[in-house]
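The structure under discussion appears below in the form of C-alpha coordinates.
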Amino acid sequence: MTEENVKNISAAPLRILVVDDEPHAAKFISELLQADGQQTEMAHDIAGASAALEKGSFDLVLCDMRLDHEEGTELLPAVKRLQPDCLTVFITGYGSVDTAVRAIHEGAFDYISKPLDLIQMETELKTVVARTLKHRETLGAKKGASLDIPINNEDERHMVGRSSAMISVYGALARAALSRENVLITGESGTGKELVATAIHEKGPWAAKPFVTVNCCALSENLLESELFGHVRGAFTGAVQNKRGLFEVANGGTLFLDEIGDISLSLQVKLLRAIQEGEIKPVGSNETVRVDVRVIVATHRDLPQYVLDGKFREDLFYRLKVISIQMPPLRDRVSDIPDLVRYFASRFAAKTGKPLTSVSEEAMDFLTHYSWPGNIRELENAIGRAAAMSRTATLFPEDFPPEIMDGDVSSHSPATIAAAASHASETVISAGESLEELERRHIANTLQSVGFNKSRAADILGIDRVTLYRKAFKYGLISKGGPRKGSASPG
Ligand SMILES: Nc1ncnc2c1ncn2[C@@H]1O[C@H](COP(=O)(O)OP(=O)(O)OP(=O)(O)O)[C@@H](O)[C@H]1O
Ligand SMILES: [Mg+2]
(Lines give C-alpha, C1' and ligand atoms only; values in the text may rest on other atoms or scores of the structure.)
(Ligands and ions follow the chains in the order given, each with its own letter.)
Protein backbone atom coordinates (compact mmCIF):
# COMPACT_ATOMS: atom_id res chain seq x y z
CA MET A 1 0.00 0.00 0.00
CA THR A 2 1.31 3.43 -0.85
CA GLU A 3 1.16 6.47 1.34
CA GLU A 4 -1.39 7.92 -1.03
CA ASN A 5 -3.71 4.97 -0.47
CA VAL A 6 -3.50 5.30 3.26
CA LYS A 7 -4.30 8.99 3.06
CA ASN A 8 -7.26 8.45 0.80
CA ILE A 9 -8.85 5.99 3.15
CA SER A 10 -8.63 8.30 6.08
CA ALA A 11 -8.86 11.90 4.97
CA ALA A 12 -11.93 12.17 2.83
CA PRO A 13 -11.50 15.27 0.65
CA LEU A 14 -13.72 18.25 1.24
CA ARG A 15 -16.44 18.83 -1.33
CA ILE A 16 -16.31 22.47 -2.22
CA LEU A 17 -18.59 24.54 -4.40
CA VAL A 18 -16.72 27.45 -5.95
CA VAL A 19 -18.95 30.30 -7.05
CA ASP A 20 -17.51 33.13 -9.11
CA ASP A 21 -19.05 35.04 -12.00
CA GLU A 22 -15.73 35.10 -13.79
CA PRO A 23 -15.17 31.59 -15.15
CA HIS A 24 -11.39 31.85 -15.15
CA ALA A 25 -11.34 33.00 -11.53
CA ALA A 26 -13.57 30.09 -10.52
CA LYS A 27 -11.30 27.73 -12.42
CA PHE A 28 -8.18 29.16 -10.83
CA ILE A 29 -9.51 28.74 -7.28
CA SER A 30 -10.88 25.35 -8.14
CA GLU A 31 -7.52 24.15 -9.40
CA LEU A 32 -5.71 25.38 -6.33
CA LEU A 33 -8.14 23.47 -4.15
CA GLN A 34 -7.84 20.34 -6.24
CA ALA A 35 -4.07 20.55 -6.01
CA ASP A 36 -4.61 20.52 -2.27
CA GLY A 37 -6.53 17.27 -2.59
CA GLN A 38 -10.07 18.63 -2.37
CA GLN A 39 -13.02 18.01 -4.72
CA THR A 40 -14.65 20.97 -6.38
CA GLU A 41 -17.60 21.99 -8.48
CA MET A 42 -18.11 25.39 -10.06
CA ALA A 43 -21.05 27.74 -10.51
CA HIS A 44 -21.19 31.28 -11.87
CA ASP A 45 -24.37 32.74 -10.44
CA ILE A 46 -26.91 32.26 -7.65
CA ALA A 47 -29.21 30.09 -9.77
CA GLY A 48 -26.36 27.82 -10.85
CA ALA A 49 -25.05 27.57 -7.30
CA SER A 50 -28.52 26.77 -5.93
CA ALA A 51 -28.94 24.05 -8.54
CA ALA A 52 -25.60 22.55 -7.53
CA LEU A 53 -26.66 22.63 -3.86
CA GLU A 54 -29.90 20.80 -4.78
CA LYS A 55 -27.97 18.04 -6.45
CA GLY A 56 -24.74 17.40 -4.62
CA SER A 57 -23.66 17.63 -1.02
CA PHE A 58 -20.93 20.04 0.04
CA ASP A 59 -18.80 20.83 3.04
CA LEU A 60 -18.00 24.33 1.91
CA VAL A 61 -19.27 27.00 -0.46
CA LEU A 62 -16.58 29.43 -1.49
CA CYS A 63 -18.42 32.32 -3.00
CA ASP A 64 -17.42 35.58 -4.60
CA MET A 65 -19.06 38.49 -2.82
CA ARG A 66 -20.04 40.25 -6.04
CA LEU A 67 -21.50 38.10 -8.76
CA ASP A 68 -22.08 40.32 -11.75
CA HIS A 69 -25.42 42.00 -10.84
CA GLU A 70 -26.10 39.73 -7.86
CA GLU A 71 -24.91 39.78 -4.26
CA GLY A 72 -23.10 36.67 -3.06
CA THR A 73 -24.95 36.84 0.25
CA GLU A 74 -28.20 36.08 -1.62
CA LEU A 75 -26.99 32.50 -1.74
CA LEU A 76 -27.01 32.13 2.05
CA PRO A 77 -30.70 31.22 2.46
CA ALA A 78 -30.34 28.42 -0.11
CA VAL A 79 -27.28 27.05 1.68
CA LYS A 80 -29.06 27.13 5.01
CA ARG A 81 -32.16 25.46 3.65
CA LEU A 82 -30.54 22.83 1.47
CA GLN A 83 -27.36 22.07 3.39
CA PRO A 84 -27.46 23.39 6.92
CA ASP A 85 -24.11 21.84 7.83
CA CYS A 86 -22.28 23.37 4.89
CA LEU A 87 -20.08 26.39 5.59
CA THR A 88 -20.04 29.48 3.41
CA VAL A 89 -16.95 31.60 2.99
CA PHE A 90 -17.01 34.76 0.94
CA ILE A 91 -14.19 36.08 -1.16
CA THR A 92 -14.11 39.69 -2.10
CA GLY A 93 -11.89 41.99 -4.02
CA TYR A 94 -13.39 44.95 -2.21
CA GLY A 95 -12.07 44.18 1.22
CA SER A 96 -13.66 46.28 3.93
CA VAL A 97 -14.65 45.71 7.48
CA ASP A 98 -18.24 46.48 6.55
CA THR A 99 -18.56 43.82 3.91
CA ALA A 100 -16.94 41.30 6.22
CA VAL A 101 -19.24 42.18 9.05
CA ARG A 102 -22.27 42.01 6.79
CA ALA A 103 -21.29 38.64 5.36
CA ILE A 104 -20.72 37.14 8.79
CA HIS A 105 -23.85 38.76 10.15
CA GLU A 106 -25.91 37.17 7.40
CA GLY A 107 -24.61 33.76 8.32
CA ALA A 108 -21.33 33.34 6.49
CA PHE A 109 -18.73 31.35 8.34
CA ASP A 110 -15.75 33.33 7.21
CA TYR A 111 -14.59 35.97 4.86
CA ILE A 112 -11.36 36.31 2.94
CA SER A 113 -10.10 39.03 0.67
CA LYS A 114 -9.27 38.21 -2.90
CA PRO A 115 -5.51 38.39 -3.01
CA LEU A 116 -3.72 39.37 -6.13
CA ASP A 117 -0.96 36.86 -6.01
CA LEU A 118 -0.94 33.11 -6.18
CA ILE A 119 1.06 32.41 -3.04
CA GLN A 120 -1.21 34.53 -0.91
CA MET A 121 -4.29 32.94 -2.43
CA GLU A 122 -2.92 29.49 -1.70
CA THR A 123 -2.30 30.43 1.92
CA GLU A 124 -5.79 31.88 2.30
CA LEU A 125 -7.37 28.79 0.81
CA LYS A 126 -5.32 26.48 3.00
CA THR A 127 -6.57 28.30 6.08
CA VAL A 128 -10.16 28.03 4.94
CA VAL A 129 -9.73 24.33 4.17
CA ALA A 130 -8.18 23.70 7.58
CA ARG A 131 -11.03 25.48 9.35
CA THR A 132 -13.62 23.59 7.33
CA LEU A 133 -11.96 20.27 8.15
CA LYS A 134 -12.00 21.21 11.81
CA HIS A 135 -15.67 22.13 11.53
CA ARG A 136 -16.47 18.82 9.84
CA GLU A 137 -14.66 17.01 12.63
CA THR A 138 -16.66 18.70 15.38
CA LEU A 139 -19.81 18.20 13.42
CA GLY A 140 -18.97 14.53 12.97
CA ALA A 141 -18.58 14.15 16.71
CA LYS A 142 -21.95 15.75 17.37
CA LYS A 143 -23.79 14.03 14.56
CA GLY A 144 -22.50 10.60 15.36
CA ALA A 145 -24.57 10.89 18.50
CA SER A 146 -27.81 9.43 17.29
CA LEU A 147 -26.65 6.47 15.44
CA ASP A 148 -27.33 3.17 13.93
CA ILE A 149 -24.66 0.57 13.82
CA PRO A 150 -24.21 -0.14 10.16
CA ILE A 151 -20.44 -0.44 10.11
CA ASN A 152 -19.73 -3.96 9.15
CA ASN A 153 -16.22 -4.96 9.92
CA GLU A 154 -14.97 -8.43 10.35
CA ASP A 155 -11.39 -7.28 10.09
CA GLU A 156 -10.06 -7.55 13.64
CA ARG A 157 -7.16 -5.30 12.83
CA HIS A 158 -9.09 -2.48 11.27
CA MET A 159 -8.02 0.98 12.45
CA VAL A 160 -10.89 3.30 13.13
CA GLY A 161 -10.59 7.08 13.36
CA ARG A 162 -10.84 10.11 11.10
CA SER A 163 -9.64 12.81 13.48
CA SER A 164 -6.72 14.91 12.33
CA ALA A 165 -4.58 13.28 15.03
CA MET A 166 -5.27 9.86 13.52
CA ILE A 167 -4.75 11.13 10.01
CA SER A 168 -1.20 12.12 10.91
CA VAL A 169 -0.72 8.69 12.45
CA TYR A 170 -1.80 7.08 9.16
CA GLY A 171 0.66 9.24 7.26
CA ALA A 172 3.55 8.21 9.51
CA LEU A 173 2.35 4.61 9.43
CA ALA A 174 2.42 4.61 5.64
CA ARG A 175 5.92 6.04 5.55
CA ALA A 176 7.07 3.44 8.04
CA ALA A 177 5.39 0.60 6.13
CA LEU A 178 7.25 1.47 2.96
CA SER A 179 10.67 1.64 4.55
CA ARG A 180 12.95 -0.67 6.50
CA GLU A 181 13.80 1.97 9.07
CA ASN A 182 13.33 1.24 12.73
CA VAL A 183 10.20 2.65 14.30
CA LEU A 184 9.50 3.92 17.80
CA ILE A 185 5.83 3.97 18.79
CA THR A 186 4.96 5.82 21.97
CA GLY A 187 1.68 6.53 23.67
CA GLU A 188 -0.39 5.82 26.73
CA SER A 189 -1.64 2.38 27.48
CA GLY A 190 -4.42 1.18 25.20
CA THR A 191 -3.90 3.78 22.47
CA GLY A 192 -3.24 1.22 19.75
CA LYS A 193 0.54 0.92 19.68
CA GLU A 194 0.50 -2.76 18.95
CA LEU A 195 -2.17 -2.35 16.31
CA VAL A 196 0.00 0.22 14.56
CA ALA A 197 3.07 -2.02 14.74
CA THR A 198 1.12 -4.83 13.12
CA ALA A 199 -0.24 -2.53 10.44
CA ILE A 200 3.24 -1.23 9.59
CA HIS A 201 4.28 -4.77 8.88
CA GLU A 202 1.14 -5.84 7.07
CA LYS A 203 0.85 -2.84 4.79
CA GLY A 204 4.43 -2.97 3.64
CA PRO A 205 6.24 -4.89 0.92
CA TRP A 206 7.71 -7.33 3.50
CA ALA A 207 4.30 -8.47 4.72
CA ALA A 208 4.95 -12.05 3.61
CA LYS A 209 8.06 -12.21 5.81
CA PRO A 210 7.86 -13.07 9.50
CA PHE A 211 6.46 -10.68 12.09
CA VAL A 212 7.62 -11.62 15.56
CA THR A 213 6.40 -9.99 18.75
CA VAL A 214 8.23 -10.00 22.07
CA ASN A 215 6.86 -8.49 25.23
CA CYS A 216 10.03 -7.29 26.91
CA CYS A 217 8.59 -6.76 30.37
CA ALA A 218 7.11 -10.24 30.60
CA LEU A 219 10.50 -11.97 30.75
CA SER A 220 13.45 -11.89 33.13
CA GLU A 221 16.63 -10.35 31.77
CA ASN A 222 18.37 -13.69 31.13
CA LEU A 223 15.40 -15.27 29.54
CA LEU A 224 14.80 -12.27 27.34
CA GLU A 225 18.38 -12.35 26.15
CA SER A 226 18.21 -15.97 25.17
CA GLU A 227 14.81 -15.45 23.57
CA LEU A 228 16.12 -12.60 21.44
CA PHE A 229 19.51 -13.91 20.52
CA GLY A 230 19.18 -17.67 21.05
CA HIS A 231 21.57 -19.93 22.92
CA VAL A 232 23.80 -22.89 22.36
CA ARG A 233 23.52 -26.21 24.08
CA GLY A 234 25.01 -26.08 27.55
CA ALA A 235 25.03 -22.29 27.74
CA PHE A 236 23.16 -22.50 31.04
CA THR A 237 21.40 -25.11 33.11
CA GLY A 238 18.49 -26.38 31.15
CA ALA A 239 19.90 -25.39 27.76
CA VAL A 240 19.76 -28.92 26.47
CA GLN A 241 19.95 -28.00 22.83
CA ASN A 242 20.73 -25.09 20.53
CA LYS A 243 17.91 -22.63 20.17
CA ARG A 244 17.45 -19.96 17.52
CA GLY A 245 16.76 -16.49 18.83
CA LEU A 246 13.81 -14.42 17.71
CA PHE A 247 16.10 -12.11 15.74
CA GLU A 248 16.88 -15.12 13.57
CA VAL A 249 13.26 -16.21 13.43
CA ALA A 250 12.31 -12.73 12.24
CA ASN A 251 15.06 -12.64 9.63
CA GLY A 252 13.96 -10.76 6.53
CA GLY A 253 10.91 -9.44 8.36
CA THR A 254 10.02 -7.44 11.44
CA LEU A 255 10.72 -7.86 15.12
CA PHE A 256 8.31 -5.99 17.37
CA LEU A 257 9.70 -5.31 20.83
CA ASP A 258 6.85 -4.23 23.04
CA GLU A 259 7.49 -2.35 26.32
CA ILE A 260 11.06 -1.61 25.30
CA GLY A 261 11.38 0.99 28.08
CA ASP A 262 11.76 -1.79 30.60
CA ILE A 263 14.84 -3.60 29.34
CA SER A 264 18.11 -3.57 31.30
CA LEU A 265 21.07 -1.45 30.29
CA SER A 266 23.24 -4.47 29.55
CA LEU A 267 20.61 -5.86 27.21
CA GLN A 268 20.36 -2.46 25.58
CA VAL A 269 24.03 -2.75 24.60
CA LYS A 270 23.40 -6.08 22.91
CA LEU A 271 20.31 -4.80 21.21
CA LEU A 272 22.19 -1.79 19.90
CA ARG A 273 24.81 -4.05 18.43
CA ALA A 274 22.21 -6.24 16.77
CA ILE A 275 20.56 -3.22 15.21
CA GLN A 276 23.72 -1.34 14.32
CA GLU A 277 25.86 -4.19 13.01
CA GLY A 278 23.08 -6.52 11.88
CA GLU A 279 24.62 -9.36 13.83
CA ILE A 280 23.84 -11.22 17.00
CA LYS A 281 25.67 -13.59 19.29
CA PRO A 282 23.65 -16.44 20.81
CA VAL A 283 24.15 -16.92 24.56
CA GLY A 284 27.12 -19.18 25.18
CA SER A 285 28.39 -18.92 21.63
CA ASN A 286 31.50 -17.24 20.28
CA GLU A 287 30.18 -16.94 16.80
CA THR A 288 28.06 -14.19 15.45
CA VAL A 289 25.07 -14.67 13.17
CA ARG A 290 24.10 -12.12 10.54
CA VAL A 291 20.49 -10.99 10.56
CA ASP A 292 18.42 -8.61 8.47
CA VAL A 293 15.62 -7.48 10.72
CA ARG A 294 13.60 -4.32 10.91
CA VAL A 295 12.86 -3.43 14.50
CA ILE A 296 9.70 -1.75 15.72
CA VAL A 297 9.55 -0.88 19.40
CA ALA A 298 6.75 0.44 21.56
CA THR A 299 6.56 1.90 25.01
CA HIS A 300 4.19 3.83 27.23
CA ARG A 301 7.22 5.20 29.10
CA ASP A 302 8.69 8.64 28.61
CA LEU A 303 11.86 7.50 26.84
CA PRO A 304 13.52 10.93 26.54
CA GLN A 305 13.15 11.22 30.30
CA TYR A 306 14.57 7.73 30.71
CA VAL A 307 17.55 8.84 28.63
CA LEU A 308 18.03 11.88 30.89
CA ASP A 309 17.78 9.66 33.96
CA GLY A 310 20.37 7.28 32.55
CA LYS A 311 17.88 4.42 32.36
CA PHE A 312 17.92 4.22 28.59
CA ARG A 313 20.92 4.52 26.28
CA GLU A 314 20.83 7.61 24.17
CA ASP A 315 22.53 5.95 21.19
CA LEU A 316 19.96 3.17 21.18
CA PHE A 317 17.16 5.67 21.53
CA TYR A 318 18.30 7.49 18.36
CA ARG A 319 18.76 4.21 16.50
CA LEU A 320 15.20 3.24 17.30
CA LYS A 321 13.41 6.48 16.65
CA VAL A 322 14.33 6.89 13.00
CA ILE A 323 10.61 7.00 12.43
CA SER A 324 8.66 7.98 15.47
CA ILE A 325 4.92 7.64 15.91
CA GLN A 326 3.15 9.19 18.86
CA MET A 327 -0.26 7.68 19.50
CA PRO A 328 -2.74 10.33 20.67
CA PRO A 329 -4.77 9.58 23.78
CA LEU A 330 -8.45 9.06 23.08
CA ARG A 331 -9.42 12.21 25.02
CA ASP A 332 -7.53 14.22 22.39
CA ARG A 333 -9.56 12.80 19.55
CA VAL A 334 -13.08 12.83 20.86
CA SER A 335 -14.46 13.05 17.33
CA ASP A 336 -13.38 9.45 16.77
CA ILE A 337 -15.43 8.12 19.66
CA PRO A 338 -18.74 7.65 17.80
CA ASP A 339 -17.04 5.68 15.03
CA LEU A 340 -15.20 3.55 17.54
CA VAL A 341 -18.37 2.89 19.51
CA ARG A 342 -20.16 1.77 16.38
CA TYR A 343 -17.23 -0.32 15.33
CA PHE A 344 -16.91 -2.18 18.62
CA ALA A 345 -20.67 -2.60 18.96
CA SER A 346 -20.95 -4.07 15.48
CA ARG A 347 -18.02 -6.36 16.11
CA PHE A 348 -19.57 -7.53 19.33
CA ALA A 349 -22.87 -8.13 17.55
CA ALA A 350 -21.16 -10.09 14.80
CA LYS A 351 -19.20 -12.18 17.27
CA THR A 352 -22.03 -13.04 19.62
CA GLY A 353 -24.99 -12.95 17.26
CA LYS A 354 -26.72 -10.57 19.66
CA PRO A 355 -28.92 -8.10 17.77
CA LEU A 356 -27.59 -4.62 18.45
CA THR A 357 -28.87 -1.85 16.28
CA SER A 358 -28.14 1.45 17.93
CA VAL A 359 -26.62 3.45 20.72
CA SER A 360 -28.90 5.98 22.36
CA GLU A 361 -28.09 9.63 22.00
CA GLU A 362 -27.68 10.00 25.75
CA ALA A 363 -25.32 7.06 25.96
CA MET A 364 -23.27 8.57 23.18
CA ASP A 365 -23.21 11.88 25.05
CA PHE A 366 -21.71 10.15 28.05
CA LEU A 367 -19.24 8.21 26.01
CA THR A 368 -17.95 11.31 24.29
CA HIS A 369 -17.66 13.24 27.56
CA TYR A 370 -15.76 10.65 29.52
CA SER A 371 -11.97 11.04 29.65
CA TRP A 372 -11.03 7.41 28.87
CA PRO A 373 -7.83 7.05 30.90
CA GLY A 374 -7.49 3.50 29.54
CA ASN A 375 -8.01 4.79 26.01
CA ILE A 376 -9.32 2.54 23.24
CA ARG A 377 -8.91 -0.64 25.21
CA GLU A 378 -11.13 0.78 27.95
CA LEU A 379 -13.71 1.88 25.39
CA GLU A 380 -13.64 -1.52 23.74
CA ASN A 381 -14.19 -3.25 27.08
CA ALA A 382 -16.94 -0.84 28.07
CA ILE A 383 -18.84 -1.52 24.86
CA GLY A 384 -18.34 -5.25 25.27
CA ARG A 385 -19.71 -5.20 28.79
CA ALA A 386 -22.59 -2.90 27.92
CA ALA A 387 -23.54 -5.03 24.96
CA ALA A 388 -23.47 -8.13 27.12
CA MET A 389 -25.60 -6.47 29.82
CA SER A 390 -28.16 -4.83 27.62
CA ARG A 391 -31.54 -6.47 27.24
CA THR A 392 -32.54 -4.43 24.22
CA ALA A 393 -31.08 -3.78 20.79
CA THR A 394 -30.11 -0.28 21.91
CA LEU A 395 -27.37 0.60 24.36
CA PHE A 396 -28.49 3.05 27.06
CA PRO A 397 -26.40 4.95 29.63
CA GLU A 398 -27.32 2.55 32.40
CA ASP A 399 -25.79 -0.32 30.46
CA PHE A 400 -22.38 1.24 31.02
CA PRO A 401 -20.15 1.08 34.09
CA PRO A 402 -20.86 3.74 36.73
CA GLU A 403 -17.49 5.47 36.35
CA ILE A 404 -18.42 6.42 32.80
CA MET A 405 -21.88 7.51 33.86
CA ASP A 406 -20.44 9.69 36.60
CA GLY A 407 -18.05 11.17 34.09
CA ASP A 408 -15.41 13.63 35.05
CA VAL A 409 -15.98 15.48 38.27
CA SER A 410 -15.10 18.75 36.55
CA SER A 411 -18.23 18.70 34.40
CA HIS A 412 -20.62 18.93 37.33
CA SER A 413 -18.63 21.23 39.50
CA PRO A 414 -20.11 23.68 42.01
CA ALA A 415 -20.07 26.25 39.22
CA THR A 416 -22.60 24.37 37.13
CA ILE A 417 -24.78 23.81 40.15
CA ALA A 418 -24.53 27.50 41.00
CA ALA A 419 -25.50 28.29 37.43
CA ALA A 420 -28.57 26.13 37.81
CA ALA A 421 -29.45 27.75 41.10
CA SER A 422 -29.22 31.23 39.66
CA HIS A 423 -32.28 30.42 37.57
CA ALA A 424 -34.09 28.98 40.55
CA SER A 425 -36.30 32.00 41.07
CA GLU A 426 -39.40 30.12 39.95
CA THR A 427 -38.79 27.22 42.27
CA VAL A 428 -40.26 27.79 45.70
CA ILE A 429 -37.71 27.19 48.38
CA SER A 430 -38.98 25.58 51.52
CA ALA A 431 -37.01 25.62 54.76
CA GLY A 432 -35.58 22.31 55.84
CA GLU A 433 -35.20 21.12 52.28
CA SER A 434 -31.78 19.75 51.31
CA LEU A 435 -29.83 21.25 48.45
CA GLU A 436 -30.16 18.00 46.53
CA GLU A 437 -33.90 17.97 46.96
CA LEU A 438 -34.06 21.55 45.78
CA GLU A 439 -31.95 20.73 42.76
CA ARG A 440 -34.06 17.72 41.96
CA ARG A 441 -37.21 19.79 42.10
CA HIS A 442 -35.75 22.60 40.06
CA ILE A 443 -34.58 20.26 37.34
CA ALA A 444 -37.93 18.50 37.34
CA ASN A 445 -39.76 21.82 36.98
CA THR A 446 -37.52 22.99 34.20
CA LEU A 447 -37.79 19.74 32.29
CA GLN A 448 -41.51 19.80 32.55
CA SER A 449 -41.78 23.43 31.53
CA VAL A 450 -40.05 22.67 28.23
CA GLY A 451 -41.86 19.43 27.54
CA PHE A 452 -38.79 17.35 28.38
CA ASN A 453 -36.72 18.93 25.66
CA LYS A 454 -33.35 18.25 27.25
CA SER A 455 -31.35 20.67 25.14
CA ARG A 456 -33.65 23.54 26.07
CA ALA A 457 -33.73 22.55 29.71
CA ALA A 458 -29.94 22.38 29.78
CA ASP A 459 -29.77 25.84 28.20
CA ILE A 460 -32.12 27.28 30.77
CA LEU A 461 -30.26 25.64 33.64
CA GLY A 462 -26.92 26.74 32.25
CA ILE A 463 -25.44 23.24 32.29
CA ASP A 464 -24.53 20.96 29.44
CA ARG A 465 -26.82 18.22 28.22
CA VAL A 466 -24.74 15.42 29.64
CA THR A 467 -24.71 16.94 33.10
CA LEU A 468 -28.43 17.47 32.89
CA TYR A 469 -29.02 13.93 31.76
CA ARG A 470 -26.78 12.59 34.48
CA LYS A 471 -28.56 14.54 37.18
CA ALA A 472 -32.02 13.79 35.85
CA PHE A 473 -31.13 10.15 35.74
CA LYS A 474 -29.67 10.24 39.23
CA TYR A 475 -32.80 11.87 40.60
CA GLY A 476 -34.97 9.34 38.82
CA LEU A 477 -36.59 11.96 36.60
CA ILE A 478 -35.93 10.10 33.39
CA SER A 479 -35.42 6.50 32.55
CA LYS A 480 -34.45 4.49 29.51
CA GLY A 481 -35.74 6.21 26.45
CA GLY A 482 -37.61 9.10 28.07
CA PRO A 483 -39.26 10.73 31.07
CA ARG A 484 -40.34 8.60 33.96
CA LYS A 485 -44.09 8.91 34.17
CA GLY A 486 -45.32 11.15 36.94
CA SER A 487 -41.93 11.76 38.42
CA ALA A 488 -41.52 15.27 37.16
CA SER A 489 -44.50 16.83 38.82
CA PRO A 490 -43.54 20.01 40.58
CA GLY A 491 -43.20 19.97 44.30
N1 LIG B 1 -7.80 2.95 15.90
C2 LIG B 1 -8.31 1.81 16.38
N3 LIG B 1 -9.40 1.28 15.83
C4 LIG B 1 -9.94 0.15 16.33
N5 LIG B 1 -9.45 -0.53 17.36
C6 LIG B 1 -8.37 -0.06 17.96
C7 LIG B 1 -7.73 1.13 17.51
N8 LIG B 1 -6.65 1.36 18.29
C9 LIG B 1 -6.64 0.37 19.19
N10 LIG B 1 -7.64 -0.50 19.01
C11 LIG B 1 -7.94 -1.68 19.83
O12 LIG B 1 -7.74 -1.30 21.19
C13 LIG B 1 -7.08 -2.32 21.93
C14 LIG B 1 -5.78 -1.78 22.49
O15 LIG B 1 -4.87 -1.54 21.44
P16 LIG B 1 -3.32 -1.95 21.55
O17 LIG B 1 -3.16 -3.24 22.27
O18 LIG B 1 -2.73 -1.84 20.21
O19 LIG B 1 -2.83 -0.76 22.49
P20 LIG B 1 -1.41 -0.51 23.15
O21 LIG B 1 -1.12 0.92 22.96
O22 LIG B 1 -0.45 -1.52 22.64
O23 LIG B 1 -1.71 -0.75 24.68
P24 LIG B 1 -0.69 -1.16 25.87
O25 LIG B 1 0.23 -0.01 26.09
O26 LIG B 1 -1.61 -1.35 27.02
O27 LIG B 1 -0.01 -2.39 25.43
C28 LIG B 1 -6.90 -3.47 20.96
O29 LIG B 1 -7.95 -4.38 21.11
C30 LIG B 1 -6.96 -2.82 19.60
O31 LIG B 1 -7.42 -3.71 18.62
MG1 LIG C 1 0.60 -3.00 23.69
Side-chain angles (χ1 to χ4, degrees), residues 1 6-7 9-11 137 140-141 144 149-174 176-177 183-203 211-219 254-263 295-303 306 320 324-352 359 367-368 370 372-388 404:
M1 175 174 314
V6 176
K7 270 202 185 130
I9 298 167
S10 46
E137 206 178 288
I149 305 179
I151 296 181
N152 142 47
N153 233 311
E154 284 119 49
D155 180 2
E156 288 265 320
R157 307 250 184 75
H158 185 72
M159 287 196 75
V160 178
R162 291 176 284 175
S163 58
S164 50
M166 279 311 282
I167 287 163
S168 356
V169 167
Y170 299 145
L173 193 161
V183 186
L184 166 65
I185 308 169
T186 50
E188 290 175 16
S189 185
T191 45
K193 298 185 292 295
E194 185 166 355
L195 197 63
V196 166
T198 318
I200 291 174
H201 175 72
E202 284 180 350
K203 309 285 183 206
F211 177 76
V212 178
T213 298
V214 188
N215 189 333
C216 298
C217 75
L219 303 172
T254 303
L255 182 60
F256 173 44
L257 303 176
D258 205 356
E259 305 298 355
I260 190 73
D262 299 296
I263 69 167
V295 175
I296 302 180
V297 301
T299 181
H300 66 282
R301 307 272 188 208
D302 182 351
L303 275 195
Y306 267 40
L320 294 173
S324 157
I325 302 180
Q326 168 80 44
M327 296 306 295
L330 190 51
R331 64 182 169 279
D332 286 354
R333 50 189 188 100
V334 170
S335 64
D336 286 339
I337 292 177
D339 282 347
L340 283 161
V341 168
R342 261 175 295 189
Y343 170 69
F344 290 130
S346 77
R347 254 186 39 192
F348 183 90
K351 212 158 46 185
T352 60
V359 177
L367 296 173
T368 49
Y370 179 59
W372 300 108
N375 295 294
I376 304 192
R377 180 174 299 111
E378 187 184 6
L379 176 65
E380 182 176 6
N381 291 339
I383 301 293
R385 260 183 299 164
I404 295 170

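As the structure lists them, so they are numbered: ligands from 1, and atoms in each ligand from 1.
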Legend entry - For the student: nearest non-hydrogen atoms of Val169 and Pro328, plus distance: CG2-CD, 3.8 Å
Inset, instruction - Heavy-atom distances under 4.0 Å are what count here, so tell me which part of Met327 touches ligand 1: side chain, backbone, both or neither. - result: neither
Inset, instruction - Report the residues that fulfil side-chain contact (heavy atoms from CB on, under 4.5 Å) with Thr186, sequence neighbours left out, ordered by chain and then residue number. - result: Leu184, Thr299, Gln326
Legend entry - Close approach, His300 and ligand 1, non-hydrogen under 4.0 angstrom: no
Legend entry - Side-chain donor/acceptor of Lys193 to backbone N/O of Val297, under 3.5 Å: no
Legend entry - Flag, side chain of Asn375 to backbone of Pro329, donor-acceptor distance under 3.5 Å: no
Inset, instruction - Taking atom types as modelled, find out whether Asp336 and Ser163 have a side-chain donor-acceptor pair closer than 3.5 angstrom. - result: yes
Legend entry - Shortest heavy-atom approach to atom 27 (O) of ligand 1 - which of Arg347, Arg377, Glu378, Met159: Arg377
Inset, instruction - Can you see which heavy atom on Met166 is nearest to which on Val160, and at what distance? - result: CE-O, 4.3 Å
Legend entry - Test of proximity, Gly192 against ligand 1: N or O pairs below 3.5 Å: yes
Inset, instruction - Nearest heavy atom to atom 24 (P) of ligand 1 wins, so pick from Gly161, Gly190, Ser163, Cys217. - result: Gly190
Inset, instruction - Give yes if a backbone or side-chain nitrogen or oxygen of Glu380 is under 3.5 Å from a nitrogen or oxygen of ligand 1, and no if not. - result: yes
Legend entry - Backbone or side-chain N or O of Tyr343 under 3.5 Å from ligand 1 N or O: no
Inset, instruction - Could you tell me whether some N/O pair between Asp258 and ligand 1 is separated by less than 3.5 angstrom? - result: no
Legend entry - Nitrogen or oxygen atoms of Leu340 and ligand 1 under 3.5 Å apart: no
Inset, instruction - Sequence neighbours left out, what passes ring pair (Phe, Tyr, Trp, His ring centres under 6.0 Å) with Tyr306? Give chain and number order. - result: none
Inset, instruction - Output the distance between atom OG1 (Thr198) and atom CZ (Phe256), rounded to the nearest 0.5 Å. - result: 6.5 Å
Inset, instruction - Using a strict cut-off of 4.0 Å, indicate which atoms of ligand 1 neighbour a heavy atom of Phe344. - result: 5 (N)
Inset, instruction - Heavy-atom distances under 4.0 Å are what count here, so tell me which part of Val196 touches ligand 1: side chain, backbone, both or neither. - result: neither
Inset, instruction - Looking only at distances, please establish whether an N/O atom of ligand 1 is found under 3.5 Å from an N/O atom of Met166. - result: no
Legend entry - Leu195, any N or O under 3.5 Å of ligand 1 N or O: yes
Inset, instruction - Check whether any heavy atom of Gly187 sits under 4.0 Å from an atom of ligand 1. - result: no
Inset, instruction - State whether the side chain of Trp372 and the backbone N or O of Val334 hold a donor-acceptor pair below 3.5 Å, judged by distance alone. - result: no
